[in-house]
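Per chain, numbering begins at 1; letters A, B, ... match sequence-line order.
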2 protein chains.
Amino acid sequence: MDKMQEDVRRRAGGRAERPTQRDPERTRASILAAATKEFAENGIGGARVDAIAERAGTNKRMLYHYFGDKEQLYLAVLEEAYVGIRTAEKSVNLSDLEPEQGIAELAMFTWRYFLEHPEFLSLLGTENLHRARWLRQSTRLKELHSHFIGKLSDLLDRGKAKGLFRADIDPLNVYLTIAALGYFYVSNQYTLSTIFGRDLMEEANVEAWERHIVHVTLASIRR
Amino acid sequence: MDKMQEDVRRRAGGRAERPTQRDPERTRASILAAATKEFAENGIGGARVDAIAERAGTNKRMLYHYFGDKEQLYLAVLEEAYVGIRTAEKSVNLSDLEPEQGIAELAMFTWRYFLEHPEFLSLLGTENLHRARWLRQSTRLKELHSHFIGKLSDLLDRGKAKGLFRADIDPLNVYLTIAALGYFYVSNQYTLSTIFGRDLMEEANVEAWERHIVHVTLASIRR
DNA sequence: TCACAAAGTAACCGTTTAGTTACTGGCTTG
DNA sequence: CAAGCCAGTAACTAAACGGTTACTTTGTGA
């Protein structure tokens, strides 16, 4: 096959329709997805390299080919997870909203993201178990800060100017409050549901907790 | 040595001063303490049976002698940790306090317990990673409920009667709020400190967060 | 078209791991 | 005081594990 034909096929079919058997990007991506599940379900010590390869529908050799070793693969998983939430956070626009509405939106976004990405919370838990060993190593991750502190800061300033919020409110505290209420509820759902005999993930309970987070956050910052 | 002498020595010296080399209770306890550290630091998949034996200053054989296998040892550790917090909770008496003071005390107690027992939080994290597999297995643990929900319920009722608190407040929600704010701050301190460039465990920050928990809790339940 | 690089496979390897066996030494009790 | 049980040790084992080697297949550009 010559160059021209190749180019035509690429342009016409695009990545998805290309019938090739060998596809480095797809293989890499499926290893990363499989590793995300495996690390989130079992932690770093419980995750099995063979299990990741099998879940990815590929060979263990490929895993070492693309990622080096188990720890570097874990780091890639962690980085991807952080990039995911930071990217999603960027798309949230609160500048047109009234301060209270803005805070409520920010809280609901965080809550819903946690609900829909329990694997991210699990990876956070694993990373903290190891005292942020990989996070601290990664310059890429350290440069990837949240946009939410800035957005919150703006909302709080606008609320303070209007006399709605107390003047001494710290944006980081507000963010930690929202994150704490969401994180704990989702990540500790299993022990909590068992001990209190109430399924925390029932739709009505989930919706009630969302309202609760918003209520608590606003009640704590109002004058 | 005859019986009388033995009895005398027991009565005189007590357990601590007894110079015996063989001491089943001490060995069992030191294995349990070592296992608590090992499981809290490494999770269940990362914990090493050999490391536990070494930390306990004993032999791996003893570990299997007293606890059966790694999983049963983990369960014993988890049970002891829960018994620890439940016992401590029992000693908190709030019935003489005004409703607001009582809630504040309960929140501060929980916060300080979490601060002083990070290994308990770590075990909770591990247990939730495994979807409460061992907690659900253990009838002993399922019968060991917190006294705090009852105490909170009383405080809230008294506060409601005085017109201080809203009538629709659910004690479980209040408890979850307090626990969430404490748990997240302590257990996620490493990623949070790294990302926000602020040492959350600095004394001033710790004290500020304690005040914050009390403030948030009360603000969210007041009329 | 052919040589070379990269993608992919499978069998293999040395180490670590949970768990066991075979044994020794000390405590208690009839 | 002897018999037997229980605490304790050390060396061992089989399986699981992370990682590698040796090799084949596929795509590409000179």
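In this structure, F184(A) and F184(B) have side chains that are not in contact, with every pair of non-hydrogen atoms separated by 4.5 Å or more.
T27(A) has no side-chain polar atom (N or O) that falls below the 4.0 Å cut-off from OP1 or OP2 of dA7(C). Listed pair T58(B) / dT9(D) meets the phosphate criterion, a side-chain N or O lying under 4.0 Å from OP1 or OP2. Proximity of H65(A) to the phosphate of dA7(C): a side-chain N or O atom is located under 4.0 Å from OP1 or OP2.
Partners of S138(B) under the side chain to side chain donor-acceptor pair (under 3.5 Å) rule, at least two apart in sequence or in another chain, are E79(B). Scored by the side-chain contact (heavy atoms from CB on, under 4.5 Å) test, F109(A) finds A88(A), E89(A), V92(A), Y113(A), F148(A) as partners (sequence neighbours excluded). Contacts of S30(A) classified as side-chain contact (heavy atoms from CB on, under 4.5 Å), with partners at least two apart in sequence or in another chain: A56(A). Qualifying side-chain contact (heavy atoms from CB on, under 4.5 Å) partners for T126(A), counting only residues two or more places apart in sequence or in other chains: I44(A), Y74(A), H130(A). Residues passing the side-chain contact (heavy atoms from CB on, under 4.5 Å) test with Q189(B), sequence neighbours excluded: V186(B), M201(B).
Pairs of residues two or more places apart, or lying in two chains, that qualify as salt bridge (charged side-chain N to carboxylate O under 4.0 Å, His left out) and include a residue from residues 193-206 of chain B are D170(A)-R198(B). The salt bridge (charged side-chain N to carboxylate O under 4.0 Å, His left out) analysis of residues 30-40 of chain A, with sequence neighbours excluded, yields the pairs E38(A)-R55(A).
For the segment residues 36-43 of chain B, no residue has any heavy atom less than 4.0 angstrom from an atom of DNA chain D.
The nearest whole Å value for the distance from the CZ atom in R28(B) to the C1' atom in dA7(D) is 14 Å.
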message = I'd like to compare against my own output: the B/S/- annotation of nucleotides 14-22 of chain D with a strict under-4.0 Å heavy-atom distance to protein.
response = ---SBBBBB
